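Chain identifiers are assigned alphabetically (A, B, ...) following the order of the sequence lines, protein sequences preceding nucleic acid strands; residue numbering begins at 1 within each chain. Keep in mind that this is a model prediction, so the values were computed, not measured.
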Protein chains: 2
Amino acid sequence: MSTQAILVADLAADDALEPAKLSAVDRLVEQIRDLVRDRKLVIGDPLPTERELGEVFQAGRNTVREALQILKAYGIVEVRPKIGAVLSDRHEDAVRKLFAFQHDISPASFLDVQGYRKIIEVGIGDHLILHTTPADLDHLDAVNARLLTQASVEEAARHDFAFHEALVTLAGNRTLLTNYRLLQPVITQIMRVGKADRPVQTDTHQAHAEIIKALRDRDRVAYTYLLSRHLEYGLQFVVTDPGKGGAQS
Amino acid sequence: MSTQAILVADLAADDALEPAKLSAVDRLVEQIRDLVRDRKLVIGDPLPTERELGEVFQAGRNTVREALQILKAYGIVEVRPKIGAVLSDRHEDAVRKLFAFQHDISPASFLDVQGYRKIIEVGIGDHLILHTTPADLDHLDAVNARLLTQASVEEAARHDFAFHEALVTLAGNRTLLTNYRLLQPVITQIMRVGKADRPVQTDTHQAHAEIIKALRDRDRVAYTYLLSRHLEYGLQFVVTDPGKGGAQS
DNA sequence: ATCGAAAATCTTGGTCCAACAAATAGCTGC
DNA sequence: GCAGCTATTTGTTGGACCAAGATTTTCGAT
């Protein structure tokens, strides 16, 4: 218990790297965060109006607005016209957006991301083989089935990602899942490109189904092989440079 | 080549989820990003002054400032009095800070992060066994050696993380490394707690050395075993709830 | 008199301007 | 070469206006 208290204190100090005088805007950001904490506001609760905040904290409204823009960028608040700033749960979205903000869009980047996915999705294989329940696998089937029910490339990419997301979810590690989701924009982008030329939904669905089957059979080797092949399959549509066949380095 | 052009266009559309009219501030954020891209500005280059930006893009200075606050929060620019906004390379720091923001500080969270690390660091084992060069291993030794050269808990945690970071770096995947680094604040926090009670630098150094040896021997099983044990070892200092001995679930 | 709809009003965020303070880059004079 | 001055630029504030949406008021129909 005392351990936890120490932790909180220590981590609070992470922000105090520059003990020097903060700008009024930064000070306001802190004060508003404190306000939220002190009043124990929860998601959806409204903050005071900009004018009130300015009055309470002795700052101009423009200064308050700049602070709110920062909080907004952090996904802490969402400001709706007229109703004002309300506490938001879009934090993860903000992280995701920020993460993808200036990711370069190059074939090398795609290759890298697919390599990452291979490490992750193959890496959780041991756990999946051991711990997935029939219900889990049925759920995967259900998610996979959605791949066949629509036509839009955008939709297909989303459902494709949903399958892999569900797979990673089964690893039962929240940190891993959060990190994997960070790449959602990039991954769905890869998928869109892969599916742009011609619809490959049935192929994808089939590949997913085989992967599920490998899990049902608790066949670690098949899982690894099928998953690797599946991820590499998508790559050949992305790396179009040489025009030749294989895409392995 | 044409593929790449399509990609860039498509990803630009990712932000256009709400095709409705953007606010002037959001529009400015985009315009400034475009400006940076068009002029091929690099890290350290200065942007036009706030008044110039306002004139060029037909916006008031306050609006420009709000846009700059967002860019600043994103780690894209750093604005210094008098000289103005200059392009910054703090983007990853901003992501890291924002990411750590949401992480609650609980034993469960620690357990989760350690589980994540196990998945990652064990997961790259195959690649490491196959591809690490003697030079790589010497580098690991050098990084590990630093663990013995100082006393501060803070320093020790940093060097401890540096070793694991170096390990992940050897996997040769930039995406993975970026994601792993995201957890730096949380991981070093875990390490600080683990080392708070008494100095265990020699133990840690020893454990690292054994892991390196396993890589030298290209012994996949030993690598997995030693790494898992090492990561679980740190955990027993975190989960202090029962006060009894073992901490395995 | 009661209810509901329409209109007027009031509040609030969005944007812009003007002004001043503080900091400092760059010039000026020695 | 250096001290000091000046002009420029960001930091901050207050005020103004607009548009949109919430609130209240008004007023007609029943």
Side-chain angles (χ1 to χ4, degrees), chain A residues 18-36 39 41 43-88 90 94, chain B residues 15-33 35-36 39 41 43-88 90 94:
Chain A
E18 59 277 33
K21 58 178 185 296
L22 295 149
S23 78
V25 173
D26 294 334
R27 179 170 45 84
L28 260 182
V29 170
E30 292 303 320
Q31 284 177 315
I32 294 175
R33 284 182 57 193
D34 290 345
L35 182 86
V36 169
R39 295 195 185 174
L41 301 180
I43 306 300
D45 287 348
L47 265 59
T49 69
E50 295 177 352
R51 291 176 175 87
E52 283 173 342
L53 286 172
E55 193 185 350
V56 171
F57 296 126
Q58 288 296 303
R61 191 160 82 95
N62 283 318
T63 309
V64 173
R65 295 200 95 251
E66 291 185 16
L68 285 178
Q69 290 288 357
I70 293 176
L71 266 346
K72 208 166 67 173
Y74 281 6
I76 309 291
V77 306
E78 220 164 334
V79 43
R80 285 195 277 269
K82 176 57 189 175
I83 195 57
V86 300
L87 254 55
S88 166
R90 287 300 184 86
Chain B
D15 249 340
L17 293 179
E18 59 279 28
K21 55 180 187 297
L22 294 145
S23 77
V25 173
D26 293 333
R27 180 169 44 83
L28 261 183
V29 170
E30 291 301 320
Q31 284 176 316
I32 294 175
R33 284 184 64 194
L35 182 85
V36 169
R39 295 196 184 174
L41 301 180
I43 307 300
D45 287 348
L47 264 60
T49 69
E50 295 175 353
R51 289 178 177 86
E52 282 173 341
L53 287 172
E55 193 184 350
V56 170
F57 296 127
Q58 287 295 302
R61 192 162 81 94
N62 284 88
T63 309
V64 173
R65 295 200 96 250
E66 290 184 18
L68 286 179
Q69 289 288 357
I70 293 176
L71 266 346
K72 208 166 69 174
Y74 282 5
I76 307 294
V77 306
E78 226 163 329
V79 43
R80 287 195 280 268
K82 173 61 183 179
I83 194 58
V86 299
L87 255 54
S88 165
R90 287 301 184 89

So which heavy atom on B/A73 is nearest to which on A/Y74, and how close? CB-CE1, 3.9 Å
Would you say that B/P48 contacts B/R39 through its side chain, given a criterion of any heavy-atom pair below 4.5 Å between the two side chains? yes
With rounding to the nearest 0.5 Å, note down the distance linking CD1 in A/I70 to CZ in A/R33. 11.5 Å
Reading nucleotides 10-15 of chain C from the 5' end, what letters show protein touch, with B for base, S for backbone sugar-phosphate only, - for no heavy atom under 4.0 Å? -BBBBB
Interatomic distance, B/L53 CG vs C/dC16 C1' [rounded to whole Å]: 16 Å
Quickly work out the B/E55 CD to C/dC17 P distance and round it to whole Å. 11 Å
When you compare the side chains of A/Q69 and B/E66, does any donor N or O come within less than 3.5 Å of an acceptor on the partner? yes
Count the heavy atoms belonging to other residues, nucleotides or ligands that lie under 6.0 Å from CD1 of A/I43, then report whether that count exceeds 12. yes
